[in-house]
Amino acid sequence: MLTDDQDHLRKALTAAEPTLERHEEIVACAERRVRRASERLDRAQTELAEAAEALITAREARTEWIANNPDPQLMML
């Protein structure tokens with residue numbers, strides 16, 4: 001049999017029974033988490049598109065530079 005102190009400690013360490021209010025709070029937290037993740041995903045997709053465009057531009061500039069600036073050592077062969 002538990003003493004009053006042990007019973008009080010057991011009750012303190014035991015999770016409370018779920019209530020509708022608690023479930024509503026959990027759902028609201030999950031909804032906020034989904035909304036924040038969606039916003040981060042939108043920003044990441046925008047950043048990815050911008051980075052991909054910058055890569056294409058850089059590669060094109062490199063190709064153009066190579067075409068307009070032949071290696072002088074190759075010309076000596």
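The basis for the numbers below is simple: all heavy atoms, side chains too, and nothing from hydrogens, waters or symmetry mates. Owing to the predicted nature of the structure, the values given are computational and were not obtained by experimental measurement.
- If you take CD on E31 and CZ on R36, they are separated by 11.5 Å, rounding to the nearest 0.5 Å.
- Taken from CG in L20 to CD in E25, the straight-line distance is 11.5 Å, to the nearest 0.5 Å.
- Taking CD of E64 as the reference point, atom CG of N68 lies at 5.5 Å (rounded to 0.5 Å).
- Although no hydrogens or angles enter the test, the distance criterion places a donor-acceptor pair under 3.5 Å between the side chain of T46 and the main chain of D42.
- Of all heavy-atom pairs between A67 and P70, the closest is O-CD, 4.4 Å.
- Within the model, atoms CZ of R43 and CD of E47 stand 10.0 Å from one another, a figure rounded to the nearest 0.5 Å.
- Within 6.0 Å of CD on E39 lie more than 12 heavy atoms contributed by other residues, nucleotides or ligands.
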